[in-house]
Number of protein chains: 2
Amino acid sequence: MRILVIEDEPGIARFLKQGLEEEAYAVEVADNGTEGLALALEQAYDLLLVDWMLPGLSGLEVCRQLRAAQNHTPLLFLTAKDTVQDTIAGLQAGANDYIKKPFHFEELLERIRVQLRPVAGPPERFTVGPIVLDVATHQVFRDDEEIPLTQKEFALLEYLLRHKGNVCRRQSIIENVWDIHFEYNTGVIDVYMNALRKKLRLHKDEDYLQTIRGIGYVARD
Amino acid sequence: MRILVIEDEPGIARFLKQGLEEEAYAVEVADNGTEGLALALEQAYDLLLVDWMLPGLSGLEVCRQLRAAQNHTPLLFLTAKDTVQDTIAGLQAGANDYIKKPFHFEELLERIRVQLRPVAGPPERFTVGPIVLDVATHQVFRDDEEIPLTQKEFALLEYLLRHKGNVCRRQSIIENVWDIHFEYNTGVIDVYMNALRKKLRLHKDEDYLQTIRGIGYVARD
DNA sequence: TCTTCAATGACCAGGATGCGCATAGGATAC
DNA sequence: GTATCCTATGCGCATCCTGGTCATTGAAGA
C-alpha cells in the first residue's frame, strides 16, 4: 500500500514516514502543496495524508483540486487547526477524515486502516444479467452453472463488472487489468473479450458486455 | 436516506433525531443494544449512529456482531469515552468513524455526509431540453429513450453541451472535436450536425441545436 | 417593401478507412 | 506436458469523410 504524506515540517514528516514504514506501508513525502498535488495526480497512491498549512498550495486547496480532477484517493487531513469550521470545510472539500494534532499514532494508524479496508466488505459479488461473479471464491456463474475462467479472463470480467454501467476505456483496462502504464498497442483485450463472450455463451442479443466502438467496453443489464 | 440511532439517553436521542430529520434524513431510534442490532440486521439502513455505553449489548458488541453477520452498513460511534484504546477498539471492530462527545452537530453532520457520499464522483451529465448526455456511461437519451451515437457524433454533442449557451465557432469545433489545428476547409461538421439532429429527432421548432449562420452552432434550451 | 442573388448550410450517396471480431499458432509459466 | 497468455493476421462492417446538389438565408438594390 502506497501512502503519500504532504507535510512541510521535516520533523513530523520524518516521524510519520518512519512509523508508517514500520507498518509496511510504502511512504513518499512531499514538502509543499504544489508538488504534493502533482504527485497525487500522476501516481496511484492508496492514501494521502495531508497537512492543513502548507507552503505553496494549502492542504484544503490540494484536496479541492484533486477531487475536481476526479481523483478519489482517500485523503486524511492531519492538522493543528481544530475549529469546527475547518473540520467541516475539510470534509466538504472531499476529505475522508480530519485528525487533529496532537494525535496518537495508534489512532492515526487505525483510521488509515479504516480507509484502506475494502469498501463493500467481503461478500463482493457482481452481476450482469444471468452472470454472477464472486470475488471471494473466484467463481463465475451463468444461470447457477459455474463457468471456469482463467485468471486474466476473470480479472477482465471483474474490472468490467466493478464499473458496471460505466464505459471502461481500453487504456484504463490495459492499466488496471494488465498493469501496463505506458502507451502500448495491442489486441489482447479483443482476444479476451472474445474468449469471455464465448465462455459465457453470450448471444448476439445478450449484450451484457457491450462494445463501445473506438472507446472500450461496458457491462450493462 | 435512513439512519438508525442506537442511544439510550432520551435527551441525546431526541436531539439527534430532531436535528437529523431537519436535514431530511429518515431517523429511527433504538434505546438498547439488543433491539438496535436486531433492527440493523433486518432493515436496510444507510447509516448507523451508535452510542458506546448501552444497556443490553454494548455498542462495541453491536458493531462486532453486525460485521460478523456480513452487514457493512456505515457505522459511527458517538461516545463520551475518549481514550485512544477505545477509539482503536471501535475502529477495529469495524466502525467507520468514532466521534467523541461533546461534539458539534455540524461536524457530526459532515462526517455523516462523508460516509453517505457516493464513492465515485458525481456523474457528469449535460442536458438541453429533452436531451441528456452522460459522459461516464457514454450514453445519450431523449425523453429517457437511449439514442445510440457514434464516437464522433457523441464528441460533437458533448462539445456543444459543455458550452451550452455559448456559440461554438466552426474553427473551435474542428480543433476540439476533430483535433485539426491548421486551416482546413471541410463540410464534416454540417454532415454530423445533420446526423445528430436526425438521430435525436429534433423537429424544426425544437431548436436546441441552433445554427448561427456564418459562425457556428449553439446548444440552447 | 419587394426582388434578386450570392453565400452558406442542409442533406444525400458512395467510397475509403480502420476498428473490432475471430482464429491460429508461438511463447511462457506451472 | 499442459494450461494460459499473448502476438499476428485476415476479414467484414460500422464509421467517417468527400463531393455533389438542393434549400435557405440575408443583404443589397430597386
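The structure presented is a predicted model; accordingly, all values stated were derived computationally and were not measured. Per chain, numbering begins at 1; letters A, B, ... match sequence-line order.
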Can you confirm whether the side chains of Ser58(A) and Arg64(A) place a donor and an acceptor under 3.5 Å from each other? no

Taking the six-membered ring for Trp and the single ring otherwise, decide whether the centroids of Tyr159(A) and Trp178(A) are under 6.0 Å apart. no

For DNA chain D, find the residues of residues 151-175 of chain B with a heavy-atom distance under 4.0 Å and give them by number; none if there aren't any. Gln151(B), Lys152(B)

Looking at Glu145(A) and Lys199(A), does any basic side-chain N land under 4.0 Å from a carboxylate oxygen? no

Presence of salt bridge, Asp190(B) and Arg170(B), under 4.0 angstrom: yes

Distance below 4.0 Å between Thr211(A) side-chain N/O and dC21(C) OP1 or OP2: yes

Is the phosphate of dC5(D), meaning OP1 or OP2, less than 4.0 Å from a side-chain N or O of Trp178(A)? no

Within 6.0 angstrom of Asp205(B) CG, more than 12 heavy atoms from elsewhere: yes

Nearest heavy-atom neighbours spanning Gln151(B) and Arg213(A): OE1-O, 3.9 Å

Separation of atom CD1 in Ile215(A) from atom C1' in dG20(C), rounded to whole Å: 13 Å

Using a heavy-atom distance cut-off of less than 4.0 Å, which residues of residues 187-196 of chain A contact DNA chain D? Val188(A), Val191(A), Tyr192(A)

Side chain to side chain donor-acceptor pair (under 3.5 Å) filter on Thr186(A), not counting sequence neighbours, yields none

Classify the angle between the aromatic ring planes of Tyr98(A) and Trp52(A) as parallel (below 30°), tilted (30 to 60°) or perpendicular (above 60°). perpendicular

Taking only side-chain nitrogens and oxygens of Thr186(A), does any of them come within less than 4.0 Å of OP1 or OP2 of dT7(D)? yes

Check whether the side chain of Arg213(B) and the base of dA7(C) form a donor-acceptor pair under 3.5 Å. yes

